[in-house]
Amino acid sequence: MSDTATPAAEGPRYDFRAAEPKWQQAWADRGCFHVDDVPTDGKPKYYVLEMFPYPSGKIHMGHVRNYTLGDVVARYKRARGHSVLHPMGWDAFGLPAENAARERGVHPAKWTYDNIAAMRTELKRMGLSLDWEREFATCQPEYYRHQQKLFLDFLAKGLVERKESWVNWDPVDGTVLANEQVIDGRGWRSGALVEKKQLSQWFFSITKFAPDLLAALDTLDRWPERVRLMQANWIGRSEGARLRFDLAESAESVEVYTTRPDTLYGMSFLAIAPEHPLAAQVSATDPKAAAFVAECRSKGTSEAVIETGEKLGYDTGLRVKHPFIEGATYPVWIANFVLMEYGTGAIFGCPAHDQRDLDFARKYQLDVTPVVLPPGADAKTFAVGKEAYTGPGTAYNSGFLDGLEVDAAKRGAIDALAKQNQGEGVTNWRLRDWGVSRQRYWGCPIPIVHCDSCGAVPVPDSELPVKLPEDVTFDRPGNPLDHHPTWKHVACPSCGKPARRETDTFDTFVDSSWYFARYCCASDTTQPTARAAVDHWMPVDQYIGGIEHAILHLLYSRFFTRAMKETGHIAVDEPFAGLFTQGMVNHESYKSAEGTWLYPEEIEKRPDGTAIHKETGAPVTVGRIEAMSKSKRNTIDPGEIIARYGADTARWFILSDNPPERDMEWTESGAAGAFRFTQRIFRLAENLPAASDKPADFGAAGRTLRRATHKAIAAVTEAWEGFAFNVAVARMYELANAVTDAERAADEPGLGWARREAIEAMARLCAPAMPHLAEEIYALLHPAAGTLVADLPWPEAEPALLIAESVKIAVQVMGKLRGSVEVPPNAPADSVIAAAEAEPNVARALEGKRIVKRIHVPNRIVNFVISG
RNA sequence: GCCCGCCUGGCGGAAUGGUAGACGCAGCGGACUUAAAAUCCGCAGCUGGCAACGGCGUGCCGGUUCGAGUCCGGCGGUGGGCACCA
């Protein structure tokens with residue numbers, strides 16, 4: 001070592017507790033991360049956005065990961081010469097605030113703003129390169145007044161509808177859930193079993209954009225393929241036919257949607273959803289039918305069915321006529337597997353070519369007639385057993401369709417139906433309109449007044465915002481806005497007579513469907529978006545967040561952006577040009593002998609991997625690694641980690657563990673290892689010799705180190721660029737190892753200069769990940785400069801130093817490695833092959849064989865193909 | 001049931017079709033220390049061999065190729081999304 005060793009018992013040399021606040025202050029003082037709404041600096045723009053947090057009160061490791069990833073991108077792009085918009089705010093409406101009000105008597109607003117204050121402090125400790133001047137919370141009237149304006153503009157454009165419809169009622173949250181928000185028959189937030197209930201509510205007409213929302217997925221080439229697939233499946237385009245079946249005994253008819261009109265001749269029944277109007281009609285006079293319908297409703301959507309897999313039906317006794325076969329009629333069943341929300345709420349059953357229909361037919365002994373003959377099958381012997389045939393083939397047993405392939409038969413059937421005026425080809429979508437009415441207090445009021453004379457009347461722009469009243473009580477279930485003694489009583493804006501305010505508030509997904517646009521012009525109080533600013537910054541160049549938002553939030557935001565474009569508030573169609581979905585942060589879980597979950601700090605790990613309870617010494621079961629959750633007590637508080645190791649260590653470990661799109665495991669030893677690294681590179685910086693002029697020539701050690709430095713610059717740049725953040729970290733460890741080697745090498749002229757070069761490169765390369773340490777080291781190297789790393793351009797590798805002095809070529813015989821030879825880079829093939837043949841171990845393998853072929857890949861490999 | 005992803009040492013993982021296991025974590029051995037901590041040096045896929053050197057090896061089976069973790073086909077496992085979607 002060229003310097004005295006670290007004295008014993010001395011604390012960490014790099015004092016992050018002093019350094020981190022110091023540099024955070026320096027960045028703030030210089031306004032490093034501020035950008036103008038409409039910049040005039042001529043730099044290319046780059047908008048980095050991480051999904052804004054719900055203010056629960058404390059940040060968790062998922063936030064640390066999310067915001068670290070975003071900060072790496074923001075700082076890197078900034079160094080690359082972009083003007084970077086990197087804002088932060090709060091998704092501040094939502095049920096937890098109301099739950100807190102009900103449980104603890106604290107007002108939702110106070111609870112929310114207190115939480116925001118606490119979380120802002122914690123976030124600021126992370127040292128993120130944010131423009132805090134753009135901060136807002138969606139619960140501020142200054143934000144939601146513009147949202148109300150957007151709603152009114154959408155309404156005027158015909159993008160909002162009020163519909164009477166069956167809704168999912170969450171009895172615990174006392175709120176309506178969109179179908180998309182019901183999971184296994186339970187509310188996605190409350191977990192309560194959902195009941196069906198009919199309500200009148202507001203819908204955004206997202207289905208009007210279904211074709212475009214689907215088609216435009218192809219343009220999102222910087223989105224993960226699987227997210228695009230998930231959205232495509234969710235939108236669910238299908239081609240089929242809508243056709244009318246006439247009832248045999250009356251003039252009425254039933255409309256059916258099918259994707260397989262080619263199998264009409266294989267029909268054996270017609271089935272309708274329990275919510276279908278015809279089912280209600282039958283139930284009116286048939287108590288058994290009524291009982292069956294009631295049973296289906298109380299069973300909820302799917303859970304019981306999933307468990308039993310049983311398809312249940314009730315034969316109404318009604319019969320329908322076949323559109324093609326004169327005189328043929330089929331029974332009409334009410335079936336629990338037919339969805340009212342999809343297609344027309346009625347299907348025709350062709351058991352031979354649909355598995356569900358087949359299961360149903362077998363259960364109730366209905367006919368199974370195959371009408372599609374698989375290629376090569378014999379029409380006389382082909383039969384359907386327990387598996388429906390859904391593959392390609394030729395129509396048979398199908399009258400005029402006989403002999404046609406599936407696609408041709410579909411067209412033939414549709415043409416015939418159209419000719420008879422009984423049906424037509426249609427495109428069907430799985431996507432449904434977005435119901436946004438919520439019967440709760442802590443949300444954005446829907447700016448509508450209900451008048452007995454005029455109906456639903458929009459609140460005039462001049463009266464916005466419709467503010468939430470502050471004096472509300474939570475002493476009974478239901479919506480406090482509805483209970484409020486005066487708030488809802490207003491004069492009709494249209495006729496002036498007494499009328500009532502809409503007491504529903506918006507789904508909080510509305511708040512998060514346009515916040516990214518608002519950030520661009522957060523200080524403009526007059527309008528939702530200032531076009532010059534929004535047109536400059538949008539779309540978001542890199543959006544980063546959890547995969548759990550792959551469908552709803554992203555799809556709603558895509559809809560909102562289109563609706564805002566139609567109403568003149570934005571120029572783009574797509575809000576997010578680039579999307580990155582991060583994995584979860586997991587941790588081991590621990591259980592005591594009594595079966596209770598234990599916090600990580602309550603246990604002590606032993607070298608063999610087992611664990612004991614710290615206080616009692618009792619053995620502890622080390623459970624599986626799973627998502628951090630309060631109930632499992634396997635949470636790690638980022639605040640404590642930052643207090644103990646500093647923000648840079650937390651950021652570094654979270655980047656280093658694994659690729660950012662995968663789930664990671666937070667480990668104590670990994671965090672400690674990251675901390676050691678921060679100390680190590682600081683020590684390498686402290687041990688540097690004094691600055692000197694760049695020498696004309698370097699010795700062997702100096703040349704080796706300089707090559708390592710410039711290779712690292714190239715490799716880390718590529719890794720940051722490609723979201724291979726764990727690889728970037730690995731390359732910096734390699735550089736640190738190279739500096740350590742140089743530190744230990746015999747001194748030679750210029751080596752000190754090379755070491756300083758390496759450490760300066762290290763500081764600047766690691767700055768996106770460890771910005772405080774980077775500043776500290778840079779200041780150590782340039783005490784008088786007064787320059788911040790945050791303001792420096794990105795380092796460039798010298799191309800000449802990326803070329804190795806010699807390369808090691810692997811030599812294979814028949815694809816098996818037999819040795820290697822050291823040759824100059826780009827050496828001529830002849831000389832490389834000659835050297836390879838001469839290598840002793842290779843020569844032995846070649847002895848007595850005939851070389852059939854010599855393969856030479858420059859700078860990489862030689863392979864001999866031999867015979868005999 | 002449908003759709004998607006993933007599968008590499010004890011662990012996280014690296015690897016434009018070209019020396020599999022970089023880098024880190026954990027581990028082992030050593031140096032320093034009265035001792036510990038910290039730090040530094042070294043070892044480390046499995047297997048045979050004293051060694052030189054060999055055999056096997058990226059979930060399994062096959063294919064393409066001079067050469068496959070990587071490309072293709074099939075199978076298995078695992079994780080996720082959606083789900084009676086007609």
Side-chain angles (χ1 to χ4, degrees), chain A residues 1 5-12 180 183-184 224-230 232-234 236 238 240 256-260 263 271 301-302 305-306 309-312 335-339 341-350 353-357 359-360 428-430 547-548 550-551 607 609 625 653 656-659 661-665 667-674 676-677 679-680 683 724 726-734 736-737 740 743-744 808-820 841 844 852-866:
Chain A
M1 289 237 270
T6 309
E10 190 180 285
E180 296 97 321
I183 294 158
D184 291 339
E225 182 58 30
R226 69 174 166 144
V227 173
R228 290 189 285 168
L229 250 159
M230 283 161 83
N233 290 341
W234 191 265
S238 68
V256 155
Y257 172 74
T258 180
T259 55
R260 293 299 302 271
T263 63
T301 44
S302 61
V305 189
I306 288 167
E310 193 170 22
K311 290 151 183 58
L312 297 174
N336 65 354
F337 65 90
V338 178
L339 300 179
E341 298 81 10
Y342 190 81
T344 62
I347 63 159
F348 81 81
C350 175
H353 305 292
D354 183 285
Q355 193 59 46
R356 280 184 322 274
D357 295 350
D359 294 345
F360 191 76
N428 194 51
W429 303 86
R430 181 183 173 279
I547 186 74
E548 68 273 18
I551 298 175
I625 294 156
F653 173 59
S656 68
D657 186 60
N658 68 348
E661 68 276 12
R662 292 198 210 167
D663 289 354
M664 71 168 285
E665 187 197 354
T667 61
E668 327 307 322
S669 55
R676 278 200 301 273
F677 185 68
Q679 296 298 326
R680 183 176 162 211
R683 203 167 40 245
N726 56 323
V727 180
V729 167
R731 296 294 164 256
M732 284 184 264
Y733 271 104
E734 284 172 352
N737 292 344
T740 303
E743 203 176 61
R744 299 177 54 77
K808 206 168 141 198
I809 308 259
V811 185
Q812 297 179 339
V813 177
M814 295 298 279
K816 271 187 186 290
L817 184 71
R818 292 301 170 198
S820 65
N841 210 39
R844 202 178 323 139
V852 179
K853 202 172 173 186
R854 296 168 174 83
I855 291 143
H856 171 241
V857 180
N859 301 323
R860 291 234 173 239
I861 205 161
V862 170
N863 189 12
F864 295 107
V865 183
I866 57 176

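Letters A, B, ... mirror the listed sequences (proteins, then strands); counts begin at 1. Please read all numbers here as calculations on a predicted model, not as lab measurements.
- In this structure, of B/U19, B/C66, B/C23, it is B/C66 that holds the atom nearest to the side chain of A/Ile855.
- Spacing of C1' atoms, B/G59 relative to B/G9, comes out at 15 Å, to the nearest Å.
- Side-chain nitrogen and oxygen atoms of A/Arg676 include at least one within less than 4.0 Å of the OP1 or OP2 phosphate oxygen of B/A26.
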Q: Decide side-chain hydrogen bond (donor to acceptor under 3.5 Å, both in side chains) for A/Tyr257 and A/Ser238; before the verdict, give the C-alpha distance in whole Å, the side-chain angles of both, and the deciding distance to 0.1 Å.
A: CA-CA 11 Å; A/Tyr257 172 74; A/Ser238 68; 2.7 Å; yes
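- With both pairing distances under 3.5 Å, B/A14 is matched to nothing as a Watson-Crick or G-U wobble pair.
- Comparing B/G17 with B/A68, their C1' atoms sit 7 Å apart, to the nearest whole Å.
- The minimum heavy-atom distance between A/Phe677 and A/Ala736, with the atom names listed, is CE1-CB, 3.7 Å.
- Residue A/Arg683 has no polar side-chain atom (N or O) positioned under 4.0 Å from OP1 or OP2 of B/U39.
- With hydrogens and angles disregarded, no donor-acceptor distance shorter than 3.5 Å links the side chain of A/Asn863 to the backbone of A/Ile855.
- Each of B/G13, B/C4, B/C53 was ranked by its minimum atom distance to the side chain of A/Arg226; first place goes to B/C4.
- Residue contacts for A/Val857: at a heavy-atom cut-off of 4.0 Å it reaches a base atom on one of the strands shown.
- The pairing partner recorded for B/U58 is none, the criterion being a Watson-Crick or G-U wobble arrangement whose two distances lie under 3.5 angstrom.
- B/A36 and B/U47 have their C1' atoms separated by 39 Å, with the value rounded to a whole Å.
- Nucleic acid contact for A/Glu734: sugar-phosphate only, since backbone atoms but no base atoms lie under 4.0 Å from a heavy atom of the residue.
- Contact annotation for A/Arg430: base contact, defined as any heavy-atom pair under 4.0 Å involving a base atom.
- Glycosidic conformation at B/G9 (O4'-C1'-N9-C4 for purines, O4'-C1'-N1-C2 for pyrimidines): syn, within 90° of 0.
- Here the side chain of A/Asp657 is nearest to one of B/G12, B/C66, B/U16, namely B/G12.
- At whole-Å resolution of the value, CZ in A/Phe653 and C1' in B/A26 are 12 Å apart.
- Spacing between B/U65 and B/A15 at atom P, rounded to whole Å, works out to 28 Å.
- Separation of the P atoms belonging to B/A52 and B/G57 is 22 Å when rounded to the nearest angstrom.
- Separation of the P atoms belonging to B/A14 and B/G24 is 15 Å when rounded to the nearest angstrom.
- When all heavy atoms of A/Ile866 and A/Val813 are compared, the closest pair comes out as CD1-CG1, 3.8 Å.
- The nearest heavy atom of RNA chain B to A/Phe864 and to A/Asn841 marks one nucleotide each, and the one closer to the 5' end goes with A/Asn841.
- Looking at heavy-atom distances under 4.0 Å, A/Asn658 makes contact with sugar-phosphate atoms alone, never a base.
- Within the 4.0 angstrom heavy-atom criterion, base atoms lie near A/Tyr257.
- Spacing of P atoms, B/U39 relative to B/C71, comes out at 41 Å, to the nearest Å.
- Of all nucleotides listed (B/A15, B/G81, B/G13), B/G81 comes nearest to the side chain of A/Met230.
- Base pairing of B/A51: no nucleotide in any strand meets the Watson-Crick or G-U wobble criterion (both distances under 3.5 Å).
- Here the nucleotide nearest the side chain of A/Asp354, chosen from B/G13, B/C40, B/A86, is B/A86.
- Contact check, A/Arg680 against B/C40: a side-chain N or O comes under 4.0 Å of OP1 or OP2.
- Between B/A22 and A/Asn726, no contact under 4.0 Å exists linking OP1 or OP2 to a side-chain N or O.
- Nucleotide B/C82 is matched to B/G1 when pairs are restricted to Watson-Crick or G-U wobble geometry with both distances under 3.5 angstrom.
- The aromatic rings of A/Phe360 and A/Phe337 sit perpendicular to each other, their planes meeting at more than 60°, with 30° as the lower class boundary.
- When distances run from any side-chain atom of A/Val727 to the nucleotides B/U19, B/A14, B/G24, the shortest one goes to B/A14.
- Scanning atom types as modelled, no donor and acceptor separated by under 3.5 angstrom connect the side chain of A/Arg818 and the base of B/U19.
- Checking the phosphate oxygens (OP1, OP2) of B/C56, a side-chain nitrogen or oxygen of A/Lys816 falls inside 4.0 Å.
- Contacts of A/Arg854 with the nucleic acid, taken as non-hydrogen atoms under 4.0 Å apart, are absent.
- Distances were taken from every side-chain heavy atom of A/Asn863 (C-beta onward) to each of B/G67, B/A26, B/U16; the shortest belongs to B/G67.
- Both distances falling under 3.5 Å, in either a Watson-Crick or a G-U wobble arrangement, place B/G42 opposite B/C28.
- The residue A/Ser238 sits apart from the nucleic acid: no heavy atom pair falls under 4.0 Å.
- No contact: A/Asp357 has no heavy atom under 4.0 Å from any strand.
- Among the atoms of the strands shown, only primed sugar atoms or phosphate atoms (P, OP1, OP2) are found under 4.0 Å from some heavy atom of A/Thr259.
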Q.
Does A/Asp354 form a side chain to side chain contact (heavy atoms under 4.5 Å, CB included) with A/Ile347? I'd like the steps, not just the answer.
A. CA-CA 11 Å; A/Asp354 183 285; A/Ile347 63 159; over 6 Å; no
Q: Could you check A/Val865 against A/Met814 for side chain to side chain contact (heavy atoms under 4.5 Å, CB included), going step by step and ending with a plain yes or no?
A: CA-CA 5 Å; A/Val865 183; A/Met814 295 298 279; 3.9 Å; yes
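- At a threshold of 4.0 angstrom between heavy atoms, the contacts of A/Ser669 are confined to the sugar-phosphate backbone, with no base atom among them.
- If A/Val729 and A/Ile861 are placed on RNA chain B by their nearest nucleotide, the residue sitting closer to the 5' end is A/Ile861.
- Atom C1' of nucleotide B/G17 and atom CG of A/Asn859 are separated by 17 Å, given to the nearest angstrom.
- Distance, A/Ile347 CD1 to B/C84 C1': 9 Å, rounded to whole Å.
- Comparing the C1' positions of B/U70 and B/U8 gives a spacing of 12 Å, expressed to the nearest Å.
- Partner assigned to B/G76 is B/C7, using Watson-Crick or G-U wobble distances below 3.5 angstrom.
- The A/Leu229 side chain lies nearest to B/C3 when the options are B/G12, B/C3, B/C82.
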Q.
Using side chain to side chain contact (heavy atoms under 4.5 Å, CB included), reason through A/Arg676 and A/Gln679 one step at a time and then give a plain yes or no.
A. CA-CA 5 Å; A/Arg676 278 200 301 273; A/Gln679 296 298 326; 5.8 Å; no
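- The minimum heavy-atom distance between A/Tyr733 and A/Gly673, with the atom names listed, is OH-O, 4.1 Å.
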